[in-house]
Amino acid sequence: MPKITPEYKVENFINGEFVEGDNEWVESINPANNVCLARVNYASKAQSEQAVKSAKAGQKVWARYSGVERGRILSEVARLIRQDRMRLARIESQDVGKPISETPEADIDSAADCFEYFAAIAQTLQSDYIKVSGGFAYTSRDPVGVVLAIGAWNYPFQIASWKTAPALACGNSVIFKPSELTPISCVELAKILKQAGVPDGVFSVLHIDRALSADLCTHPDIAKVSLTGSVATGMAVMAQAARSLKHITMELGGKSPLIIFDDADMEIAVQSALYANFYTQGEICTNGTRVFVQKAVYDDFLARMKTVAEALKLGDPLDPQTDMGALITKDHMARVLAYIESGKAEGARLITGGSRRIEGDLAKGNFVAPTIFADCTDSMKIAREEIFGPVMSVFTFEHEADVIMRANATEMGLAAGVITQNLSRGHRVANALDAGIVWVNTYNLTPVNIPFGGKKMSGLGRENGWAAVNHYTDIKTVFVAIESAD
Ligand code: TXE
């Protein structure tokens with residue numbers, strides 16, 4: 001066991017109990033200073049087997065609760081999350097490196113909203129009655145069973161909640177496997193669920209390595225895998241899950257376009273581009289990193305954007321004045337910096353940023369200046385690949401039809417943005433874009449009552465909104481004959 005005493009000791013949660021894992025100890029590092037923040041004890045194969053067994057038994061118990069009872073417990077979860085809002089936000093800011101000016105609302109409130117929303121769905125879930133010749137049929141929405149939820153590191157508490165709330169509302173049980181980089185907050189969620197009255201086995205947390213996670217994706221007692229992660233992992237998990245034909249939900253990467261027309265309100269355009277590129281240090285899958293600006297407003301946009309980006313304050317994620325925090329790991333920072341170098345080498349015009357920030361305490365962490373490239377072309381590496389850091393690529397265009405074609409010329413299809421004051425154009429362009437979610441005159445807003453998810457290589461299935469119910473239930477049809485068949 002390492003000698004350092006980190007701030008958090010993180011356990012696994014199996015069958016309603018917090019347990020140390022039987023496997024190796026792993027350290028979780030604070031991205032803002034690269035000091036050990038938590039010690040995590042990984043679970044063994046035998047322990048993960050135990051989690052599956054208890055999840056299977058717990059699900060049967062939970063499915064017998066009425067929707068009203070399940071909803072009451074999930075509402076209590078929402079209340080407990082809100083009650084502990086600032087402590088949870090602090091954990092998230094430390095673990096992910098994102099500023100405390102974001103986490104209370106974007107991470108913690110979003111999770112509470114999600115439990116509240118799906119509590120209401122649990123209480124009101126109904127099925128169909130269909131009159132047929134000779135009788136009638138009705139449908140029931142049965143839970144799918146045990147759900148393996150695999151999280152990414154950029155929104156750990158929110159991701160765990162967005163998967164757990166709908167799954168539990170529909171009567172499933174969940175085994176949550178967090179990203180190895182952000183293991184802390186999901187254990188806090190386990191404590192809250194237990195306190196709210198969720199029965200043993202209905203929610204578990206397993207800290208396991210990727211090989212064991214891959215193994216679980218093939219487990220015959222797991223009915224569904226819901227993943228948030230990279231496209232490559234999505235393809236691997238889908239193949240693993242296919243061996244026993246499991247349900248899947250895949251929230252993967254993006255390379256989304258944000259289109260600014262010359263009739264745009266430029267304040268809205270700049271604000272949207274800011275949120276689409278520099279919120280959470282740019283580590284957001286829906287980010288609109290390909291910013292297409294119509295020729296007449298191109299120079300004006302770049303000048304305003306430069307001013308706004310240069311005013312962003314980088315620093316300690318726990319300082320309320322900080323606008324942008326640290327990238328998740330040194331390795332990830334190196335990848336982002338390599339993309340910045342490739343932008344320079346391929347001839348994009350650097351407007352601002354373009355390097356790591358190392359003044360004072362920033363040198364201890366993984367801080368990269370908000371970076372804007374202008375005069376980008378569609379073939380550049382920074383225009384094609386997901387960077388997952390604070391790097392905005394700006395392009396110019398003249399005609400609507402041309403920009404729609406260029407915006408859609410990517411294998412990804414997660415999100416898109418349109419900034420215009422022309423009502424018909426806004427709807428027309430939104431309709432033409434190949435994306436799971438399109439924002440008009442705003443960007444990156446994800447209230448829990450709207451469906452969220454990607455098209456093409458960006459994913460399958462939808463989280464949030466009523467649409468999520470379709471991905472956490474199996475429809476059973478019962479045909480009742482009331483007249484004898486001829
Ligand atoms: O994700 P991974 P990482 C993108 C972003 C980032 C890159 C890598 O571009 O730079 O992905 O991030 C588990 N079977 N996104 O390494 O590798 C893994 O342990 C079962 C976009 O975090 O995809 C982790 O818990 N599980 C994304 C989770 O999958 C497996 C947010 C994601 O890991 C597995 C984060 C396997 N074969 C990063 N391989 C988004 N959509 O927002 C990995 N895992």
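For ligands, and for the atoms within them, numbers begin at 1 and follow the listed sequence. Atoms considered below: every heavy atom in the structure, side chains included; atoms not considered: hydrogens, waters and symmetry mates.
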Parallel, tilted or perpendicular, as decided by the 30° and 60° cut-offs, for the rings of F388 and H332: perpendicular

Would you please classify the geometry between the F292 ring and the F397 ring as parallel, tilted or perpendicular, with 30° and 60° separating the classes?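 Perpendicular, since the angle between the ring planes exceeds 60°.
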
Salt bridge [X]-[Y], side-chain N to carboxylate O under 4.0 Å:
X	Y	answer
D323	K313	no
R87	E188	yes
K163	E463	yes
K177	E180	yes
E20	K9	yes
E7	R90	yes
D107	K98	yes
D434	K455	no
E116	R82	yes

Can you sort out which atoms of ligand 1 are near [X], meaning under 4.0 Å from one of its heavy atoms?
X	value
G229	21 (C), 23 (O), 27 (C), 32 (C), 40 (C), 41 (N)
E180	18 (C), 19 (O), 24 (C), 25 (O)
A152	31 (C), 35 (C)
I150	13 (C), 20 (C), 25 (O), 26 (N), 28 (C), 29 (O)
S179	25 (O)
H332	10 (O)
N154	31 (C), 42 (O)
S213	20 (C), 26 (N), 30 (C)

Any cation-pi pair here, K306 with F301, using under 6.0 Å and within 45°? no

Regarding K224 and the six-membered ring of Y472, is the cationic atom NZ or CZ under 6.0 Å from the ring centre and inside 45° of its axis? yes

Candidate with minimal heavy-atom separation from [atom], of [options]:
atom	options	result
atom 2 (P) of ligand 1	I284, T233, V237	T233
atom 37 (N) of ligand 1	K255, E251, Q240, M238	Q240
atom 15 (N) of ligand 1	Y155, F176, F388	F388
atom 17 (O) of ligand 1	E283, M235, R210	R210

Does L227 have a heavy atom less than 4.0 Å from any atom of ligand 1?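 Yes, that is the case, since the closest heavy atom of the residue is under 4.0 Å from the ligand.
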
Looking only at protein heavy atoms, which one is nearest to [atom], and what is the separation?
atom	value
atom 40 (C) of ligand 1	C285 CB, 3.4 Å
atom 9 (O) of ligand 1	E386 OE1, 3.0 Å
atom 3 (P) of ligand 1	W153 NE1, 3.5 Å
atom 25 (O) of ligand 1	G151 O, 2.8 Å

Do ligand 1 and S230 have nitrogen or oxygen atoms that lie under 3.5 Å from each other?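 Yes: some nitrogen or oxygen of S230 is under 3.5 Å from one in ligand 1.
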
Regarding ligand 1, does L181 bring an N or O atom to under 3.5 Å of one of the ligand's N or O atoms? no

Heavy atom under 4.0 Å from ligand 1: found in L252's side chain, backbone, both, or neither? backbone

Select one of side chain, backbone, both or neither to describe which atoms of P178 lie under 4.0 Å from any atom of ligand 1, heavy atoms only. backbone

